[in-house]
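The structure presented is a predicted model; accordingly, all values stated were derived computationally and were not measured.
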Amino acid sequence: MNRRDHRAASDAAVGIMVAIGVLVAVWPVVVAVAAPVPFAVLPVLAHVAGMLAGYGVLVLMTLMSRWPVLERGVGSDRLARWHARGGRIVLTLVLVHAWAATQAWADSREVSLSVALWQVLGMPWLISATVATVLLVGVAVVSVRIARRRLSYERWHLVHLLTYVAIALSFLHQLGGPDLAGRPVLQVLWALMYAHAFGLVLRHRVIAPVRAAARHRLRVAAVVPEAPGVVSIILDGEHLGELRAEPGQFFRWRFLTPDTWLTAHPFSLSAPPGAHRLRLTVKALGDGSRLLQAIEVGTWVVAEGPYGAMTADLRTRREVLLVAGGVGITPMRALFETMPLGPGTGLTLLYRARDRDQIVFRAELDAIATHRGARVVYLLGDDPDLLSAASLLRLVPNLAEHDVYLCGPPGMAQVVRTNLEQAGLPVEQLHEERFAF
């Protein structure tokens with residue numbers, strides 16, 4: 001499938017999920033209107049919030065299942081942002097459901113909210129649903145920006161896996177809810193949707209990587225220092241052409257050592273993929289990436305991917321500008337070497353670094369620029385105006401006629417994004433993927 005086919009398939013999948021979401025929200029209202037009792041707002045609110053929360057969890061699993069239809073049509077970074085926003089919405093719905101259901105019970109029994117809560121917890125499967133809610137709240141707390149900064153990626157990831165436990169604990173409560181109970185066809189359909197979502201997770205996050213590991217047999221061939229705290233890891237393997245990886249894409253790499261096997265890290269290819277060799281480049285930014293600085297030659301590696309849509313296929317203009325900051329040079333280095341060039345086309349790389357010692361691939365980039373007739377500009381120092389709108393227009397006078405590829409630290413990328421817009425670049429000509437968790 002080409003880029004257009006992937007986009008069409010992902011649009012169809014997202015459209016179906018939205019349509020089902022509308023039906024899920026409307027169904028409790030239909031049930032309430034058809035019931036032989038007066039319509040009451042609080043119970044209906046509880047049912048709508050509960051059904052949407054249950055369906056929202058299913059959608060969140062699908063978004064993070066690494067299903068190729070979504071990964072290649074939407075992009076991993078956008079899926080991660082949708083997942084983060086959706087997680088906040090789902091948690092809000094869970095809390096609204098819990099409050100509205102308890103308050104409705106208290107009103108109907110004419111008891112206090114605390115007494116109603118005690119009574120409600122005695123109902124079938126409510127204890128497990130309550131534990132699930134506590135787990136979801138705990139995951140949300142450690143995902144708040146302030147808390148995330150104090151946690152390593154590895155610890156945050158392990159805590160985040162508790163959401164699967166919460167989903168399992170809440171599932172029977174969903175099937176036993178008044179909107180599904182006594183309706184076996186709907187219960188079966190609901191269970192099948194959950195089975196499909198879990199199946200996607202199992203297939204693409206567990207089975208596919210294991211099969212790929214057995215097929216491609218990736219091992220560390222060399223670890224090459226590139227700059228202070230930055231190394232390139234060269235991997236040898238078999239049948240790597242079958243991966244169909246492209247410059248600009250990334251894999252989630254799992255290095256099979258006692259200290260690193262639990263977590264898969266997203267790192268871009270820093271060189272065009274070969275038939276028997278891949279290269280990634282890692283900067284020591286957290287516990288996991290620090291351990292990789294001294295990974296032993298011969299270590300087995302499991303690679304999930306390729307992922308990402310920031311490839312040459314996105315190009316719509318004859319002129320291309322690559323903007324990199326720090327270790328964000330890794331996908332740009334691969335694109336700089338392979339971006340198609342011809343008569344009347346141009347390729348420019350702007351590389352932002354604190355000082356000369358922080359430049360990665362200096363010799364390679366200079367050699368590529370000379371060989372391809374491209375241009376590389378190193379922007380060194382702490383001056384915040386190095387990538388201002390005025391500076392961008394000075395360095396690239398016809399900026400609006402370029403496709404721009406951007407990769408760098410979140411703060412820098414946000415500033416450059418704003419400055420490119422101020423400089424007149426149409427938003428559809430900016431291509432980037434963000435790797436912040």
Side-chain angles (χ1 to χ4, degrees), residues 13-14 17 20-21 24 49-67 70-71 74 76-99 125-177 190-209 252 254 261-266 286 288 304 307 435-437:
V14 171
M17 286 189 284
I20 294 175
V24 168
M51 289 290 288
L52 282 176
Y55 180 69
V57 165
L58 184 154
V59 170
L60 294 180
M61 281 197 297
T62 303
L63 293 181
M64 289 291 100
S65 67
R66 297 172 191 164
W67 186 20
L70 295 179
E71 287 282 343
V74 177
S76 297
D77 61 329
R78 290 180 66 197
L79 290 174
R81 292 197 297 275
W82 290 0
H83 179 80
R85 293 169 189 159
R88 292 190 287 270
I89 293 171
V90 166
L91 180 60
T92 300
L93 288 169
V94 168
L95 296 177
V96 169
H97 166 70
W99 167 80
W125 303 112
L126 258 297
I127 291 294
S128 62
T130 302
V131 173
T133 301
V134 172
L135 289 176
L136 289 176
V137 171
V139 172
V141 169
V142 300
S143 296
V144 173
R145 189 178 300 274
I146 295 176
R148 282 191 317 193
R149 289 173 179 169
R150 298 183 179 183
L151 284 177
S152 66
Y153 173 83
E154 293 76 21
R155 292 179 180 176
W156 172 85
H157 184 262
L158 286 174
V159 172
H160 213 70
L161 292 178
L162 290 174
T163 54
Y164 292 107
V165 178
I167 293 168
L169 288 172
S170 66
F171 180 67
L172 289 177
H173 171 63
Q174 295 175 43
L175 290 183
W190 194 261
L192 287 175
M193 287 196 298
Y194 265 80
H196 182 258
F198 269 108
L200 288 175
V201 172
L202 181 63
R203 177 181 178 184
H204 297 295
R205 298 192 67 156
V206 180
I207 296 175
R252 290 183 173 91
R254 191 182 302 272
W261 72 273
L262 280 175
T263 307
H265 292 271
E304 303 173 37
Y307 300 119
F435 293 92
F437 75 93

All heavy atoms of L91 vs all of A140, minimum pair found to be CD2-CB, 3.3 Å
Look at the side chain of R254 and the backbone N and O of L262, then say whether any donor-acceptor pair between them is shorter than 3.5 Å.
yes
What distance separates M17 CE from L70 CG, expressed to the nearest 0.5 Å?
5.0 Å
Kindly give the heavy-atom pair with the smallest separation between A166 and A132, and that separation in Å.
O-CB, 3.2 Å
Between CZ of F171 and CG of L58, what distance do you get to the nearest 0.5 Å?
9.5 Å
Decide side-chain contact (heavy atoms from CB on, under 4.5 Å) for I167 and Y194; before the verdict, give the C-alpha distance in whole Å, the side-chain angles of both, and the deciding distance to 0.1 Å.
CA-CA 10 Å; I167 293 168; Y194 265 80; 3.7 Å; yes
Minimum-distance pair of heavy atoms, taken over all atoms of M193 and I20
SD-CG2, 4.1 Å
Checking L169 against L135 for the side-chain contact (heavy atoms from CB on, under 4.5 Å) test, could you report, in this order, the C-alpha distance in whole Å, the side-chain angles of both residues, the deciding distance, and whether it holds?
CA-CA 10 Å; L169 288 172; L135 289 176; 4.1 Å; yes
Heavy-atom nearest pair, F198 first then Y164, reads CE2-CD2, 4.0 Å
Heavy atoms only: give me the nearest V96-A49 pair and the separation to one decimal.
CG1-CB, 4.0 Å
From L172 CG over to L126 CG, what is the distance, rounded to the nearest 0.5 angstrom?
12.0 Å
So, taking the atom named OG1 in T133 and the one named NE2 in H173, what distance separates them when rounded to the nearest 0.5 Å?
8.0 Å
Where the side chain of T62 meets the backbone of A197, is there a donor-acceptor pair that is under 3.5 Å apart?
no
Parallel, tilted or perpendicular for H196 and W67, by the 30°/60° rule?
perpendicular
Hey, could you give me the NE2/CD distance between H265 and E304, rounded to the nearest 0.5 Å?
11.5 Å
Which distance, rounded to the nearest 0.5 Å, do you find between the CZ of R78 and the CG of L63?
11.0 Å
Do R66 and R252 come close enough that some side-chain heavy atom pair is under 4.5 Å?
yes
side-chain contact (heavy atoms from CB on, under 4.5 Å), that's the test. Do V14 and W82 meet it? Break it down for me.
CA-CA 12 Å; V14 171; W82 290 0; 4.1 Å; yes
What heavy-atom pair brings E71 and Y307 nearest, and what distance separates the two atoms?
OE1-CD2, 3.5 Å
Around R203, counting heavy atoms of other residues, nucleotides and ligands shown, do more than 12 lie under 6.0 Å from its CZ?
no
Is the shortest heavy-atom distance from the side chain of L52 to the side chain of V24 under 4.5 Å?
yes
